[in-house]
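Working notes, beginning with the structure itself.
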There are 2 protein chains.
Amino acid sequence: MSHLGYPCLMALDRDHVLRSAATLLTRKSTATMDEVAKAAGISRATLHRHFAGRDALVRALEALGIAECEAALDTARLDEGPAGEAVHRLVRAIEPAAGLLAFLYTENQLFEGEEQNQGWARIDERLTSVFRRGQETGEFRIDLTPAWLTEALYGLLASGAWAVSEGRVAANDFTYMIVELLLGGARRTTA
Amino acid sequence: MSHLGYPCLMALDRDHVLRSAATLLTRKSTATMDEVAKAAGISRATLHRHFAGRDALVRALEALGIAECEAALDTARLDEGPAGEAVHRLVRAIEPAAGLLAFLYTENQLFEGEEQNQGWARIDERLTSVFRRGQETGEFRIDLTPAWLTEALYGLLASGAWAVSEGRVAANDFTYMIVELLLGGARRTTA
DNA sequence: CCCAAGTGAGACATCTTTGTCTCACATTGG
DNA sequence: CCAATGTGAGACAAAGATGTCTCACTTGGG
């Protein structure tokens, strides 16, 4: 270990802890710090050395979720090509983070403080704008508001992640099911 | 009060307590028994006289949610007429219970016991069957499985309830937004 | 009026979770 | 080999939630 206090393996460990915490908390949102530590294969003491407390852990998960969302938004290049294909790219890019998103989406405790993380506002803005763009180009219908389509996308991502983890939907079908339902709906169009 | 121990006002009180508990827990799923009692306008002691403990309260909410779901399923007469209209009737009938459903849907603690309430299985069966009927009559596409459509309906109901309570969607648009997205999707069909 | 039932307020012990601490052990680099 | 760092295990107190109890008060029927 360096004399200068470099967090040599700490960074990797921290990310690994966050990942396993996200997996566990997605399945059981009331898991204790001890359960989180065990799920990560470390002791509760070490967990506390990484995150000051449960609140700090949840905040770190929130930051991770926001970062992954924004990375997916960048990858998807939402402002290129038809809006429908942009949404498709977005769902495909965000799929690995869907479980974490589902946890954060239902963690309403995050939003009761007066100052909520601005990251969500930026993400909401980017999502609504792609739906708005689709409406302006005539690709999307205008009677469903961009705000509602954004909200519905969150809900479908959460439902999809949950359905896959419960075995009710095949993991390979995740993106297809969500995109087809969100864009095309259940009704047959080639009647 | 009768000498025979009739629960004259108890029944009404109990229902009122359940309603306010559902409203509060939908908004803050970690509310304490004291908060639940205050929200219902009663003391914690009286709350405990109605429900043996927190677990019993959540179970009662689950039973209430199941009962309201099944009532809505009966009201909607899912096996009559086109499947799309049946789904529309269902969402309209289930709208008042959407908040409660959203709470129960995210209360994954309900499903970690080995024996989960059979009521959900019955409801799932009735929901999937209406989607299956729509597929068999050619009204719905067949590449989205009935199980996924059922799951997505739950997710959209939860998203809708949340969006309304946050003011992002007008309460009057609840049914329309959900039904149109679920059945028709975001894409314009009259291209 | 009187009594029974229900209620609210509060005290109380208990349990769980949390946050902090110490100490022994393992690993790694010099 | 040795020193430094990180870790696991466990003890510990503090905080919060829960479940139970008592007691005084109110209300409604007889």
Side-chain angles (χ1 to χ4, degrees), chain A residues 1-62 103 106-110 112-113, chain B residues 1-62 103 106-110 112-113:
Chain A
M1 217 48 70
S2 165
H3 298 173
L4 303 174
Y6 285 169
C8 310
L9 297 174
M10 291 272 290
L12 294 176
D13 278 4
R14 186 187 149 99
D15 191 76
H16 165 248
V17 170
L18 275 178
R19 300 288 167 182
S20 37
T23 303
L24 173 62
L25 289 174
T26 298
R27 186 162 43 86
K28 183 184 177 183
S29 59
T30 61
T32 67
M33 295 292 277
D34 200 61
E35 293 173 295
V36 172
K38 278 189 174 55
I42 62 177
S43 71
R44 198 162 65 94
T46 303
L47 178 61
H48 268 277
R49 288 185 189 107
H50 285 301
F51 306 98
R54 184 188 185 77
D55 195 67
L57 174 64
V58 174
R59 289 295 165 181
L61 283 171
E62 183 185 33
F103 163 68
T106 61
E107 196 74 358
N108 40 28
Q109 189 173 3
L110 288 173
E112 64 184 16
Chain B
M1 213 52 70
S2 164
H3 297 174
L4 303 175
Y6 285 170
C8 310
L9 297 176
M10 292 273 288
L12 291 177
D13 278 4
R14 184 186 151 98
D15 191 74
H16 166 248
V17 170
L18 275 178
R19 300 287 168 183
S20 38
T23 302
L24 174 62
L25 290 174
T26 298
R27 184 162 44 85
K28 182 183 177 185
S29 59
T30 61
T32 67
M33 294 292 277
D34 200 61
E35 292 173 295
V36 172
K38 278 190 174 54
I42 62 177
S43 70
R44 198 162 65 94
T46 304
L47 178 60
H48 269 278
R49 288 184 189 108
H50 285 300
F51 306 98
R54 185 187 185 77
D55 194 68
L57 174 64
V58 174
R59 290 295 165 180
L61 283 171
E62 183 185 32
F103 163 68
T106 60
E107 194 76 358
N108 40 29
Q109 191 172 5
L110 289 173
E112 64 184 14

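First the proteins, then the strands, lettered A, B, ... as listed; each starts at 1.
Remark: P of C/dG8 and NZ of B/K38 are 11 Å apart, rounded to the nearest angstrom. Atom NE2 of A/H50 and atom P of C/dG19 are 16 Å apart (whole Å). We find that CG of B/D34 is positioned 10 Å from P of C/dA9, with the value rounded to whole Å. Residue B/D13 contributes atom CG, which lies 9 Å from atom P of C/dG8 at whole-angstrom precision. At whole-Å resolution of the value, NE2 in A/H48 and P in D/dT7 are 15 Å apart. Remark: C1' of D/dT20 and CG of B/L47 are 14 Å apart, rounded to the nearest angstrom. Rounded to whole angstrom, the span from the CG atom of A/D55 across to the C1' atom of C/dT18 amounts to 12 Å. One atom, CZ of A/F51, and another, C1' of C/dG19, lie 16 Å apart when rounded to the nearest Å.
Between A/E35 and A/A52, the residue anchored nearer the 5' end of DNA chain C, judged by the nucleotide with its closest heavy atom, is A/E35. Judged by closest nucleotide on DNA chain D, B/R54 is the one of B/R54 and B/A45 placed further toward the 5' end.
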Inset, instruction - Using the salt bridge (Lys or Arg N to Asp or Glu O under 4.0 Å) rule, take B/E62 and B/R59 through it: C-alpha gap first, then chi angles, then the decisive distance, then the call. - result: CA-CA 5 Å; B/E62 183 185 32; B/R59 290 295 165 180; 3.1 Å; yes
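Between the side chain of B/R44 and the base of D/dG19, a donor-acceptor pair under 3.5 Å is found.
Put simply, A/T46 has a side-chain N or O that comes within less than 4.0 Å of OP1 or OP2 on D/dG8.
Atoms OG1 and CG, on A/T46 and A/D13 in that order, are 9.0 Å from each other to the nearest 0.5 Å. Note that CG of A/L24 and NZ of A/K38 are 12.0 Å apart. Values are rounded to the nearest 0.5 Å. In this structure, CD in A/E107 is found 9.0 Å from CG in A/L61, a value given to the nearest 0.5 Å.
Here the side chain of B/M33 is nearest to one of D/dG8, D/dT22, D/dT18, namely D/dT18.
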